[in-house]
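I have placed the structure first, in the form of C-alpha cells, so that the comments after it can refer back to it.
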Number of protein chains: 2
Amino acid sequence: MRKVTMADVAKHANVSKSTVSQYLNSRFDYMGKATKKRIEQSILELGYQPNAVARSLKQKKTFTIGVIVANILHSFSTQVIRTIEDICHENNYHVIVCNADDSPKKEKKYIEMLMAKQVDGLIVFPTGGNIELYESLVKNRYPLVFMDRIVPDVPVDTVILNNEKASELAINHFVKKGYERIGIITTSLIQKITPRIERIEGYKKALNKRSIAVQDEYVRGIEIKEITASLEAMFSLPKPPQAILAGNDLSLMEVLRYARDHKKQIPQDFALIGIDEVSFASIYSPALTIIKQPTLAMGEKAATLLIEKIEKADTEKEIQVYRFEPELVVRESC
Amino acid sequence: MRKVTMADVAKHANVSKSTVSQYLNSRFDYMGKATKKRIEQSILELGYQPNAVARSLKQKKTFTIGVIVANILHSFSTQVIRTIEDICHENNYHVIVCNADDSPKKEKKYIEMLMAKQVDGLIVFPTGGNIELYESLVKNRYPLVFMDRIVPDVPVDTVILNNEKASELAINHFVKKGYERIGIITTSLIQKITPRIERIEGYKKALNKRSIAVQDEYVRGIEIKEITASLEAMFSLPKPPQAILAGNDLSLMEVLRYARDHKKQIPQDFALIGIDEVSFASIYSPALTIIKQPTLAMGEKAATLLIEKIEKADTEKEIQVYRFEPELVVRESC
DNA sequence: CTGTTAGCGCTTTCAC
DNA sequence: GTGAAAGCGCTAACAG
C-alpha cells in the first residue's frame, strides 16, 4: 500500500495542499465549513497520516528531545528518565534515551547522533569528559540541561541534589541514634563525579560540625567490585565503624551483600543508611533507612526547563544550578 | 550561529552538493584524491553536521525504531528494553521508548505518533486492546515484532517465554523439596494477558502431571493491592499452602511484603519461587529462588528480527512465535 | 477563504 | 570524476 500524502488528500478533496495544511494545523480562521468537511472526509477515506519528517524539515523542529544518561544502571537515572518522559509526552515531545555507560566517547557519539537527528534539546547526565563539546553546544545556544552532575566552568542550567545535605541528614540520624564511628563508601572517585565528591565532602563537614574527627580509613570511594574487600578491611580495624553510609544504590547493594556474606546483622552489627531509594527498601529485612532524592521534582524541573528553553529560545534567562533537597526516610536499618 | 548546510560545504570546497553527498556516503569509487581532501577540509573548517531529517525525508528511512511497552514497571520490560537498545545502537538505529501503561488508548496514540515520525519499525508489548490497529499494520507490511504477549489471530512474529515451562520448573522444584500444597499468585487476569494465563495453565498442568489436585483456593490472579488480602485468606485456610509461586516480579514483591508484615519465615513457614529476576534476589534474606527469563536473548531476538524485516523488506519469511526457555535459579527461598 | 509558489537539506539519476 | 536538476512531503508568505 503506497503512502498517501497531502497531495492525494488535496486532490481527493478538490482543494490545494495549503488548504489541507491549514486544516491539519487547526488554522480554521477563515475556512469554509464545506471545505473543512470535505477535507475531513478525504483524510478518513484515504487513511491519510501526516509525515512528521517532512514537517520537521520545514519547521526545523522535531518535537523530540534527547536524554543522555551517564549510567543507566543507577535507579536514580531510571526514575528520573521516567518522569522526564511523562512530562515530555504531556507536552507532545518524544524522548530518545541513550546510555553513555560512563564513557565520554560514547557520550560524544550520542550527542552527535542526536544533533544530526535535529533533536530540539538535550538533557545530559554529563560524564564530564567532553568539555569542548559542551562548550560548543553552549556557544551555539543549543537548548541543554545538565542533570545530577556539575561541569565546572561550563554555563549550563543544572538540576542536582543538595548532596552535602544528603550526607548531613544521614550523619545527623546516625549521631542521634548514638553512632559516632561512621564510615562512608561509594563508587569510584577517580572521575570527580559531583555527587560522590559532594557527598563525601558533606559527610566530612557534618562530622566536623559535631566535632567528630574524620578517620580516613572510614572513607572509601572505589570500584563496585572492590567494595566488599574494602568493607572487610574497614571492619577489621581495631576500631571498626559502627555505621555505614552507602553513597548510592549500587554501593548500598554491595554493602548488603557484604553483610549477608559475613553474617553481619543490621543494625545490630552496624547501622546502615543508603542514598537513593531502591525498589526493595521497604520489604528488605531490615527495611532500609535511606536518603531519598526527589526524583519526580527533579525530572520535572529538567524537562520543563528544557521545554521552556526550546519554546522561548530568545528570552535570556540566567544560568542557574537548581538544588533539590533530599529527604530522610527512616525505616529499620538505622 | 547559522546552521551550516551541505551547500555551504560544497561552495567552500568548490564542488557541487552531489559530490559532497557522495563523499559523506563513502562512495569514493571514482572520487579524486584532491577533491576528497578538500571536502574533508571544508567540513572540518565549517563544522558541518549532516541533517538526518533531510536525509530521512529523501530516503524514507529514519534509522529509528519505536518500542511500546505495556507496562514499564516490570523489571522484565526494562531488562528487555536495555538489550534492544544495545543491539539497535550497534546497528546504528535509535530507539524511542513509550510506556502504554496498560492502556490501549495510550498504546494507540503512541503507535500513531511513532508512525507519523516514520519510525522504520516497531517492537510492541501489546496491550491486546487494539486488534484493528495491529491488523492494519500487518496489512501495510509495516515491520513489527510483538514481545511477551500473543495476540490471537494477528499474524506477527512474536518473542515470548515458554511460560508453561516456567511454571513447570517451579512446580518440579517445589515437589522435589517435598511441597505439595502449592499456591500461585499473579496480577490481574481480566485482560487475558498471555504470560499470566499461560503461567497459571502451566501450573495446573504440572500439578496434574504429578497427580496433585489443583485447588482453586490456591490460585489467584488479582490486582496488586489485593494480593496481601488474598494471601491472608489463603493462609487462613484449614490447609494453607506450603509454597507460593509468584507469577511476576510485582507479585513477588507483594508476597515478600506479606511475609514481612506477618512475620512469616521463608522458607520455614512457606517456600517461595518467583518468576522474573529481580535486582535484589541474591542479597535478600533468604536469597530468592527464581525462574529467570532469558531477557538478553529475547531482546536480542526481537531487535535483530525487526532490523532484518526492515532491511530485507521483500523476503517473505514465515510468521513465527519464538519461544524462549526459562531457567531455574536455585537460591534459598526454596 | 483558497491557491500559487518557493523552499527546508539532502539524495540520486543522468549528463557531460 | 563531477555537476545539474528534480523531488522527498510539508509549510508559509503572499496573491487573488
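Because only heavy atoms are used, hydrogens play no part in the values below, and waters and symmetry mates are left out as well, while side chains stay in. Reminder, nothing fancy here: chain letters follow the sequence lines and each chain counts from 1.
Between A:Leu57 atom CG and D:dG7 atom C1' there is a gap of 12 Å when expressed in whole angstrom units. Protein atom CD1 of A:Ile43 is 14 Å distant from nucleotide atom C1' of D:dG9, rounded to whole Å. Taking atom NZ of residue A:Lys3 and atom C1' of nucleotide D:dC10, one finds them 14 Å apart after rounding to whole Å. One atom, CG of B:Asp8, and another, P of C:dC8, lie 11 Å apart when rounded to the nearest Å. B:Tyr23 has its OH atom 13 Å from the P atom of D:dT2, to the nearest Å. Between A:Gln49 atom CD and D:dC10 atom P the separation is 11 Å, expressed in whole Å. The CG-C1' distance, from B:Leu24 to C:dT12, rounds to 14 Å in whole Å. Taking atom NZ on A:Lys37 and atom P on C:dC1, their separation rounds to 16 Å, with Å as the unit.
No engagement by B:Ser56 is indicated, since no non-hydrogen atom pair under 4.0 Å with the nucleic acid exists. Using a 4.0 Å heavy-atom criterion, one finds that B:Lys17 contacts the bases of the nucleic acid, with or without backbone contacts as well.
Comparing C:dT2, C:dC10, D:dT11 against the side chain of B:Ala54 picks out C:dC10 as the nearest. Nearest to the side-chain atoms of B:Thr5 among the listed nucleotides C:dC10, D:dT11, C:dT12 stands C:dC10. Nearest to the side chain of A:Pro50, among C:dC10, C:dT4, D:dC10, sits D:dC10. Side-chain atoms of A:Gln59 lie closest to D:dT11 of the nucleotides D:dT11, D:dC10, C:dG3.
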Side chain to side chain donor-acceptor pair (under 3.5 Å) between B:Thr78 and B:Ser75, worked out
CA-CA 5 Å; B:Thr78 56; B:Ser75 58; 5.8 Å; no
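For C:dT4, its base sits under 3.5 Å from the side chain of A:Ser18 at one donor and acceptor pair at least. The base of D:dG7 sits within donor-acceptor range of the side chain of B:Lys58, with an N or O pair under 3.5 Å.
When side chains are defined from C-beta on, A:Tyr93 counts as touching A:Ile310, because their heavy atoms get closer than 4.5 Å.
B:Tyr322 and B:Asp157 make their closest contact through CE1-OD1, 3.8 Å (heavy atoms, listed as atom of the first residue, atom of the second, distance). Here the closest non-hydrogen pair linking B:Leu114 and B:Cys98 is CD1-SG, 4.2 Å.
Judged by closest nucleotide on DNA chain D, B:Thr19 is the one of B:Thr19 and A:Ala7 placed further toward the 5' end.
Under the 3.5 Å distance criterion, with hydrogens and angles disregarded, no donor-acceptor pair is assigned to the side chains of A:Ser56 and B:Lys117.
In terms of phosphate contacts, A:Lys60 brings a side-chain nitrogen or oxygen within less than 4.0 Å of OP1 or OP2 of C:dG9. Contact annotation: A:Asn25 side-chain N/O to D:dT11 OP1/OP2 distance is under 4.0 Å.
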